[in-house]
Amino acid sequence: MANTTPCDVTEHFDSEVQENRVLSLEEWQDKWVTRNIGFHQEQGHQLLKKHLDTFLKGQSGLRVFFPLCGKAVEMKWFADRGHTVIGVDISEIGIREFFAEQNLSYTEEPFNEIAGAKVFKSSSGSISLYCCSIFDLPRANIGKFDRVWDRGSLVAVNPGDRTRYADIIMSLLGKGFHYLVAILSYDPTKHAGPPFYVPDAELKKLFEARGIRAPGTGGIGSCEQT
């Protein structure tokens with residue numbers, strides 16, 4: 001079961017205008033080098049903060065996955081509540097800055113299953129961040145997750161890779177999971193992305209076909225409007 005609920009937004013945009021847009025991993029890494037990281041929210045996502053207790057449902061010891069985590073401060077929110085956090089991002093800069101800005105000591109080591117990959121682990125053991133492409137992550141054998149917080153991942157993945165992305169997310173979901181995804185509503189004919197526009201209909205198509213209850217059927221979720 002996924003807890004995903006869209007905002008009440010009338011969709012009339014031409015989403016196909018972005019379908020051939022492609023950003024390389026090198027371009028994403030360059031955003032961190034040039035500090036073009038407007039997607040990072042220094043105070044965390046306020047809708048997650050508002051609904052965090054509902055999302056966690058009073059459970060303890062959960063495994064929480066952060067796809068394309070960057071240096072999301074929300075990772076520490078979960079770790080501070082006793083949960084185990086695992087994230088993945090292509091940017092080593094972002095991962096290092098997360099530990100530095102959260103004043104967390106950590107270790108780093110190569111991850112031999114993926115060429116060139118590294119894993120960064122907090123000294124407490126509650127946070128592990130993999131520096132690699134999310135599409136290489138299945139080789140990491142990182143287990144199943146109880147929660148997924150997808151704030152800027154689905155909307156950052158190249159439109160042509162969404163099906164492959166959904167398959168990876170599905171492979172990581174444990175029994176009784178909750179998948180919280182935030183998307184944005186805007187006119188894609190006026191902004192090339194990223195973040196990319198993901199219509200509600202496509203979100204349903206991606207996950208209903210894989211057995212996940214789609215948006216509009218209950219639960220909590222978040223949709224940002226610009």
Side-chain angles (χ1 to χ4, degrees), residues 1-5 25 28 45 48 51-52 55-57 59-72 74-79 81-91 94-95 98 111-122 125-183 196 198 202-215 217 219-222:
M1 178 177 64
N3 277 353
T4 51
T5 302
L25 295 180
W28 278 110
H45 198 290
L48 176 64
H51 296 291
L52 187 57
F55 187 45
L56 294 174
K57 292 187 175 297
Q59 295 178 270
S60 60
L62 298 173
R63 300 188 81 240
V64 185
F65 181 54
F66 275 70
L68 278 60
C69 61
K71 57 177 181 177
E74 297 97 315
M75 292 190 285
K76 192 168 186 295
W77 297 357
F78 287 99
R81 287 167 173 76
H83 306 294
T84 298
V85 172
I86 294 180
V88 59
D89 200 278
I90 195 62
S91 174
I95 290 174
F98 167 76
F111 190 75
N112 296 328
E113 286 82 351
I114 303 171
K118 295 181 180 179
V119 58
F120 297 76
K121 298 181 179 181
S122 65
S126 60
I127 301 175
S128 297
L129 306 183
Y130 290 81
C131 186
C132 64
S133 165
I134 192 169
F135 296 112
D136 289 329
L137 197 63
R139 282 179 275 165
N141 192 26
I142 56 176
K144 303 291 186 178
F145 292 91
D146 306 297
R147 300 288 186 274
V148 178
W149 169 228
D150 186 334
R151 197 280 295 182
S153 188
L154 179 61
V155 297
V157 169
N158 292 326
D161 289 328
R162 286 177 188 154
T163 297
R164 190 160 57 123
Y165 175 83
D167 286 338
I168 287 176
I169 293 296
M170 285 297 299
S171 73
L172 297 173
L173 299 175
K175 185 178 180 181
F177 71 88
H178 293 276
Y179 174 37
L180 182 59
V181 57
I183 56 177
F196 297 113
V198 183
E202 183 171 357
L203 191 62
K204 289 183 178 181
K205 181 180 178 182
L206 279 171
F207 292 104
E208 281 186 344
R210 291 163 175 80
I212 295 181
R213 191 176 65 186
T217 59
I220 64 169
S222 58

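Just so it is clear, the model here is predicted, and its values are computed rather than measured.
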To the nearest 0.5 Å, what is the distance between CG on L173 and CZ on F145? 9.5 Å
So, taking the atom named CG in L68 and the one named OG in S91, what distance separates them when rounded to the nearest 0.5 Å? 10.5 Å
Of all the heavy-atom pairs spanning A79 and V85, show the shortest one and how long it is. N-CG2, 4.0 Å
For A182 and H45, the nearest pair of non-hydrogen atoms, with its separation, is CB-NE2, 4.2 Å
Could you tell me whether the side chain of D150 and the main chain of S153 form a donor-acceptor pair under 3.5 Å? yes
With distance as the sole test, does D89 use its side chain to make a donor-acceptor pair with the main-chain N or O of G70 at under 3.5 Å? yes
Counting C-beta onward and ignoring hydrogens, is there a side-chain heavy-atom pair between D167 and R210 closer than 4.5 Å? yes
Under a 4.0 Å N-O cut-off, is there an ion pair linking R162 with E202? yes
side-chain contact (heavy atoms from CB on, under 4.5 Å) assessment of V148 paired with L172: CA-CA 9 Å; V148 178; L172 297 173; 6.0 Å; no
F65 side, atom CZ; L137 side, atom CG - distance, nearest 0.5 Å: 5.0 Å
Atom of K71, atom of M75 and distance for their closest heavy-atom approach: C-CE, 4.2 Å
If we ignore hydrogens and angles and just use 3.5 Å, is the side chain of K175 paired with the main-chain N or O of D146 as donor and acceptor? no
Is any side-chain heavy atom of Y130 closer than 4.5 Å to a side-chain heavy atom of I114? no
Look at the side chain of S122 and the backbone N and O of I127, then say whether any donor-acceptor pair between them is shorter than 3.5 Å. yes
What closest approach, in Å, do L129 and C69 show between heavy atoms, and which atom pair accounts for it? CD2-SG, 4.2 Å
Using 0.5 Å steps for rounding, measure from the CD1 atom of I134 to the CZ atom of R164. 10.0 Å
Distance in Å, Y165 OH paired with L154 CG, rounded so as to fall on 0.5 Å steps: 5.5 Å
To check you understand the geometry: which heavy-atom pair defines the closest contact between P138 and F135, and what is its length? CD-O, 3.7 Å
Distance-minimising heavy-atom pair for S133 and I90: N-CD1, 3.7 Å
Given the rule in the side-chain contact (heavy atoms from CB on, under 4.5 Å) test, do I142 and V88 qualify, once you have shown the distances and angles that lead to the verdict? CA-CA 11 Å; I142 56 176; V88 59; over 6 Å; no
Please report the C-alpha distance between L56 and H83 in whole Å, then the side-chain angles of each, then the deciding distance to 0.1 Å, and finally whether the side-chain contact (heavy atoms from CB on, under 4.5 Å) criterion is met. CA-CA 10 Å; L56 294 174; H83 306 294; 3.7 Å; yes
Rounded distance [0.5 Å steps], SG in C132 versus NZ in K118: 12.5 Å
Would you say F111 and R139 make side-chain contact, with heavy atoms under 4.5 Å? no
Looking at F78, does the NZ or CZ of R147 lie under 6.0 angstrom from its six-membered ring centre and within 45 degrees of the ring axis? no
Run the numbers on N158 and F196 for side-chain contact (heavy atoms from CB on, under 4.5 Å), then give the verdict. CA-CA 8 Å; N158 292 326; F196 297 113; 4.1 Å; yes
Evaluate the side-chain proximity of Y179 to F207: yes if any heavy-atom separation is below 4.5 Å, no if none is. yes
